[in-house]
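Throughout, protein chains are lettered first and strands after them, A, B, ... in sequence-line order, and every chain is numbered starting at 1.
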Amino acid sequence: MTTIRLRNSKSRKVEEFHPIDPENVQMYVCGPTVYDRAHLGNARPVLVFDVLYRLLRHVYGERHVTYVRNFTDVDDKINAEAQRRKGLGDPRSLEALIAERTEETIAWYHADMDALGALRPDQEPRATAFIGQMIAMIADLIAKGHAYEKEGHVLFRVRSYQNYGALSGRSVDDMIAGARVEVAPFKEDPMDFVLWKPSDEDLPGWDSPWGRGRPGWHIECSAMSYELLGASFDIHGGGIDLQFPHHENEIAQSACAHPEAGFANYWVHNEMLQVEGKKMSKSLGNFFTVRDLLDQGVPGEVIRFVMLGTHYGKPMDWTERKREEAETTLRKWRALVDGAVPAAHPAAELVEALADDLNTAGAIADKFDKKSRAKMIVSGSSLSLT
RNA sequence: GGCGGGUUGGCGGAGAGGUUACGCAGCGGAUUGCAAAUCCGUGUAGACCGGUUCGAUUCCGGUACCCGCCUCCA
């Protein structure tokens, strides 16, 4: 059997991947906050983990892999958009407007990511469907002394977790020294973070032992991964920008709530996307969505091909030139595979390259038959790693 | 300030301690009514300074530069 090797952010080394249970390999990836169209940067983790998902299914069998990716549908940006619509005179309730916003955004997300040839995860839980589990976990953390309530907020007591900072390689003291964080007066310690916060009447809220409120950002992933995958699972993925504080906080919450378990064994982070050498941002005018590209006539497979041309652990630079070259290359590959009979199994060299820490660039490079590699990697269609 | 990633030929981008990467672009040629496509051939590398070694672009150390994170942005 192929041995997959992955760079584990925990150890900062490439390690052999050995699942807890080969009959049920489990992966959790942080999904989008559904407040707007997915921008191009959002597509990178989707494609990176799509390749990993396909590889896992190839190695362990389709029925033996569970991939969970959440939708964060509790968020101030969503609230802001709903309030904006309300302000424009929409007569419906805030809750209805929020629901409308998240529904349409999820539909867009599905359509856009489908266009990139990404398989849908096995489960796509929404945060709002797990509020009860979050409340239960928070209550448990309070009971165990890892969290405290202050002025309607519940805060995680960072100092109560010995290994805080291990994933991102920081010490609590260093972080405080360089902190640009605004310290709320009710915090025992500047690093403590919110598990639950109060909502006024203009915001969505749920009843809890601490009053009407809404969850903090990090608790949803801890609660949902526990509910769907258990206290220990194999792989946790996401963008490197989430490593701190989001993933650090997830670990703290989950490890303290379930001290007997290991939470995620392998942490895989993808590097960021840039556009023409610069960070994509609205102020630089180089910000665009996946849908923008699709509407301009850039095929999803071209986007996928360009993305996978760079190893996930390196910054990926999206350039007009790469887009053009990818179109040329794919057109030629299409001509090559035209009329070819799909192979029953992917080339061993392809699997080997991908098993080597998802070396998609190396896999695309060569060393094996062009005809078979073209579709397998790029379009994920009939010849895909399944 | 703290933490992390990177630096290969015109551009993108791999593997390997010693042998041609590959692709695109360029150049020469074949084919072609023209063009496109296709085919053949071909040049240009490994940021800088040290170290290990018979030999390093590949291992080790340092320097420079670029980028990101530290702000509920993937």
Can you tell me how far [atom2] of [N] sits from [atom1] of [X], to the nearest Å?
X        : N     : atom1 : atom2 : value
A:His269 : B:C70 : NE2   : P     : 13 Å
A:Phe305 : B:C24 : CZ    : P     : 10 Å
A:Arg44  : B:C69 : CZ    : C1'   : 15 Å
A:Lys77  : B:A74 : NZ    : C1'   : 12 Å
A:Glu325 : B:G26 : CD    : P     : 11 Å
A:Arg323 : B:C24 : CZ    : P     : 17 Å

Measuring from A:His258:NE2 to A:Lys144:NZ, what's the distance to the nearest 0.5 Å?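 Rounded to the nearest 0.5 Å, the NE2-NZ separation comes to 6.5 Å.
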Nearest to the side chain of A:Arg321, which nucleotide is it out of B:C24, B:C70, B:C73?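 Output: B:C24.
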Side chain of A:Phe244 only, heavy atoms from C-beta on: which candidate in B:A74, B:U71, B:G15 is closest?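 Selected nucleotide (nearest to the side chain): B:U71.
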Charged N to carboxylate O below 4.0 Å: is that the case for A:Arg212 and A:Asp200?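 Here A:Arg212 does not pair with A:Asp200 in a salt bridge, since their nearest N and O are not under 4.0 Å apart.
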Check ion pair A:Arg37-A:Asp112 (N to O, under 4.0 angstrom):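 A salt bridge is present here (some side-chain N lies under 4.0 Å from a carboxylate O).
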Determine the interplanar angle of the A:Tyr53 and A:Tyr67 rings, folded into 0 to 90°, and report it as parallel if under 30°, tilted if 30 to 60°, perpendicular if over 60°.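 Aromatic pair A:Tyr53/A:Tyr67 classed tilted.
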Identity of whatever pairs with [N] - Watson-Crick or G-U, under 3.5 angstrom:
N     : result
B:C34 : none
B:A64 : B:U7
B:G26 : B:U42
B:U53 : none
B:G17 : none
B:G1  : B:C70

In whole angstrom, give me the gap between the [atom1] atoms of [N] and [M].
N     : M     : atom1 : value
B:U57 : B:G29 : C1'   : 33 Å
B:U32 : B:C67 : C1'   : 48 Å
B:G5  : B:A16 : C1'   : 23 Å
B:G28 : B:A35 : P     : 14 Å
B:U20 : B:A14 : C1'   : 14 Å
B:A45 : B:A37 : P     : 29 Å
B:G10 : B:A21 : P     : 15 Å
B:U52 : B:U58 : C1'   : 14 Å

Using a distance-only criterion (donor-acceptor N/O pair, under 3.5 Å, no hydrogens), is the base of B:A74 paired with the side chain of A:His39?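 Check passes, donor-acceptor contact within cut-off.
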Can you find a side chain N or O atom of A:Thr310 that sits less than 4.0 Å from OP1 or OP2 on B:G13?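 Yes, because at least one side-chain N or O of A:Thr310 sits under 4.0 Å from OP1 or OP2 of B:G13.
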Using OP1 and OP2 only, check whether a side-chain N or O of A:Lys322 sits under 4.0 Å from B:G13.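 So the side chain of A:Lys322 is within the cut-off, an N or O lying under 4.0 Å from OP1 or OP2 of B:G13.
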Using a heavy-atom cut-off of under 4.0 Å over every strand shown, decide if [X] touches base, sugar-phosphate, or nothing.
X        : answer
A:Gly238 : sugar-phosphate
A:Thr72  : nothing
A:Asn359 : sugar-phosphate

Distance only, no hydrogens: is a donor on one side chain within 3.5 Å (strictly under) of an acceptor on the other, for A:Asp234 and A:Gln26?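 No, no side-chain donor-acceptor pair sits under 3.5 Å.
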Relative to the 5' end of RNA chain B, which residue comes earlier, A:Thr328 or A:His311, by the nucleotide with the nearest heavy atom?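 Between the two, 5'-proximity favours A:His311.
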Short heteroatom pairs, N/O only, protein and nucleotides 4-7 of chain B, under 3.5 Å:
unit_1: B:G5; atom_1: OP1; unit_2: A:Arg7; atom_2: NH2; d: 3.1

Measure from the ring center of A:His247 to the ring center of A:Phe263 and say whether it is less than 6.0 Å.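 So the answer is no for these two rings.
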Just do the side chain to side chain donor-acceptor pair (under 3.5 Å) check on A:Tyr60 and A:Asn24 with the steps written out, would you? CA-CA 8 Å; A:Tyr60 295 97; A:Asn24 184 22; over 6 Å; no
Please tell me if the side chains of A:Leu294 and A:Val290 come closer than 4.5 Å, counting only heavy atoms from C-beta onward.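 Yes, close enough: below the 4.5 Å cut-off.
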On the six-membered ring of A:Tyr161, is A:Arg159 placed so that its NZ or CZ lies under 6.0 angstrom from the centre and within 45° of the ring axis?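 No, cation not above the ring by the 6.0 Å, 45° rule.
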